[in-house]
2 protein chains.
Amino acid sequence: MPLAPAIDTEFEDIFFTPRQEAVLECALGLLVEGGEKALTTAGLARTANCSKESLYKWFGDRDGLLAAVVAYQASKVHFPPESGATADAETFRTHLIAFATELLAVLFGETSVALNRLSIGQSNRDDNRLGRLLLVRGKHMISAKARALLEAGRHRNYLKFDDAEEAYQVLYGLAVRDVHIRLLLGETASAAERDLEGQARDAVQRFYSLFGA
Amino acid sequence: MPLAPAIDTEFEDIFFTPRQEAVLECALGLLVEGGEKALTTAGLARTANCSKESLYKWFGDRDGLLAAVVAYQASKVHFPPESGATADAETFRTHLIAFATELLAVLFGETSVALNRLSIGQSNRDDNRLGRLLLVRGKHMISAKARALLEAGRHRNYLKFDDAEEAYQVLYGLAVRDVHIRLLLGETASAAERDLEGQARDAVQRFYSLFGA
DNA sequence: TTGTCTTTGTACCGTACGGTACGGTTCGTA
DNA sequence: TACGAACCGTACCGTACGGTACAAAGACAA
């Protein structure tokens, strides 16, 4: 009987020392500013005042460094303990809007954009660690949180749907539309698109038209 | 009175000889297979049986080559002459579904994914030609076509909305959801997501719930 | 103080790749 | 046949960058 394969356990319980976190923060800054090509080992060592030898000792090689940057950023998102019970219909809707707003704020943030660009640029390599990392530590986490929220709404008869994942995807599409890909391609968002709360409100409005009880 | 700036006229009327098109097709193949790093001048010259000197003569430098690949692929999409008048409500809805299906087919195609990955990876360079090219020759074209279609539907009282661009974005979100970004990140689409027509049908169904007259 | 460990800064190496030069070949034209 | 243009294949150059080695400096325990 073969052992259960321990896929995707990489970077599971990784922990970085404060010094390493400072260096990774520097790396994030370089990435945000100039993209992948701006993140050279020599450049990072210079701006972070550390030695290349330390970089290679800590992260193995450049790929390990990139993966560490992604893992470090993912480790920064903390999940609030589900914001208590959803009291009534109105506050539940408020929670939905808040969730959508936060989703947009994360996706449109410059660090998220930079890391998405990095992972997408690397996504056609053999193993594709970065893409998997970003998906499993980012999108799938958010998706799980959203499903829990939506199912709570269904349980209280605020919403009506069969598949929570499908409902979440519709909410995602209504909120994000093509703005994310346009940001990734370098277009700057319009004024209306920068009003995250307004966008989220419209999206939830339409979501209720489709899935409201 | 300043002259109107001729922005984005680059690659406006560009034309490639058959030989150049064959080489660009080879470049596309390399891109699809191995991403940006796989498209080296030497490698392209080898697989396309041409000389590096010709590459530099035709395209200037490597950046010009990349831009030419994007422009070439964009030049391949032809717009059917709006498929005649939208006879009745049912055929109009069919046209909408066909449009959404084609949109998904384009976005999820491997060449589109490869070019999006390329442009996104290059999007934090100084000028960002590739991203602008992809946006203006790809997304904006599709968007214009969609707006025309939607406004025809509104004119015949099949649909009801204020802003055609906004309506299109909702349709886009309903159809694409987060599948595009997940594909770009290297995740393979699920079986249901590969049923493009079914996805388009559901999206249009929901779109009519929101904007049907 | 001495010894050990970690880190820094610099210097160095090898290689991959962008870009150029050039001889040889094909092909169209007179 | 002669000529010129375009092109192919190969060889070459310069450089940027990943990765390694090493001397010097701080930190800390005995």
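Every chain is numbered from 1, with letters handed out A, B, ... down the list of sequences.
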Whole Å only: how far is the [atom1] atom of [X] from the [atom2] atom of [N]?
| X | N | atom1 | atom2 | value |
| --- | --- | --- | --- | --- |
| Leu44(B) | dG18(C) | CG | P | 10 Å |
| Tyr56(A) | dT7(C) | OH | C1' | 17 Å |
| Lys37(B) | dC17(D) | NZ | P | 12 Å |
| Asp61(A) | dG18(D) | CG | P | 11 Å |
| Leu65(A) | dG18(D) | CG | P | 9 Å |
| Leu66(A) | dG18(D) | CG | C1' | 12 Å |
| Glu36(A) | dA16(D) | CD | P | 17 Å |
| Leu55(B) | dT20(C) | CG | C1' | 13 Å |

**Request:** State whether the number of non-hydrogen atoms from other residues, nucleotides or ligands found under 6.0 Å of Glu165(A) atom CD is greater than 12.
**Result:**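 Count over threshold, so yes.
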**Request:** Give a yes or no on whether Glu25(A) atom CD has more than 12 heavy-atom contacts from other residues, nucleotides or ligands under 6.0 Å away.
**Result:**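 More than 12 within 6.0 Å, yes.
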**Residues which pass side chain to side chain donor-acceptor pair (under 3.5 Å) with Tyr172(B), listed by chain and number, not counting sequence neighbours** =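 For Tyr172(B) the side chain to side chain donor-acceptor pair (under 3.5 Å) partners, ignoring immediate neighbours, are Lys139(B).
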**Message:** Tell me every residue that passes side chain to side chain donor-acceptor pair (under 3.5 Å) with Thr47(B), counting only those two or more places apart in sequence or in another chain.
**Reply:**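 Not a single residue meets the side chain to side chain donor-acceptor pair (under 3.5 Å) criterion with Thr47(B).
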**Distance below 4.0 Å between Thr41(B) side-chain N/O and dG18(C) OP1 or OP2** =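 Affirmative; the distance criterion is met.
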**Under 4.0 Å protein heavy-atom contacts per nucleotide of nucleotides 8-15 of chain C, with B for base, S for backbone only and - for none** = BB------
**Asked** Distance from Asp162(A) atom CG to Arg154(A) atom CZ, nearest 0.5 Å?
**Response**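 The CG atom of Asp162(A) sits 7.5 Å away from the CZ atom of Arg154(A).
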**Polar side-chain atom of Arg206(A) near backbone of Ala175(A) as donor-acceptor pair, under 3.5 Å** =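 No; zero donor-acceptor contacts below 3.5 Å.
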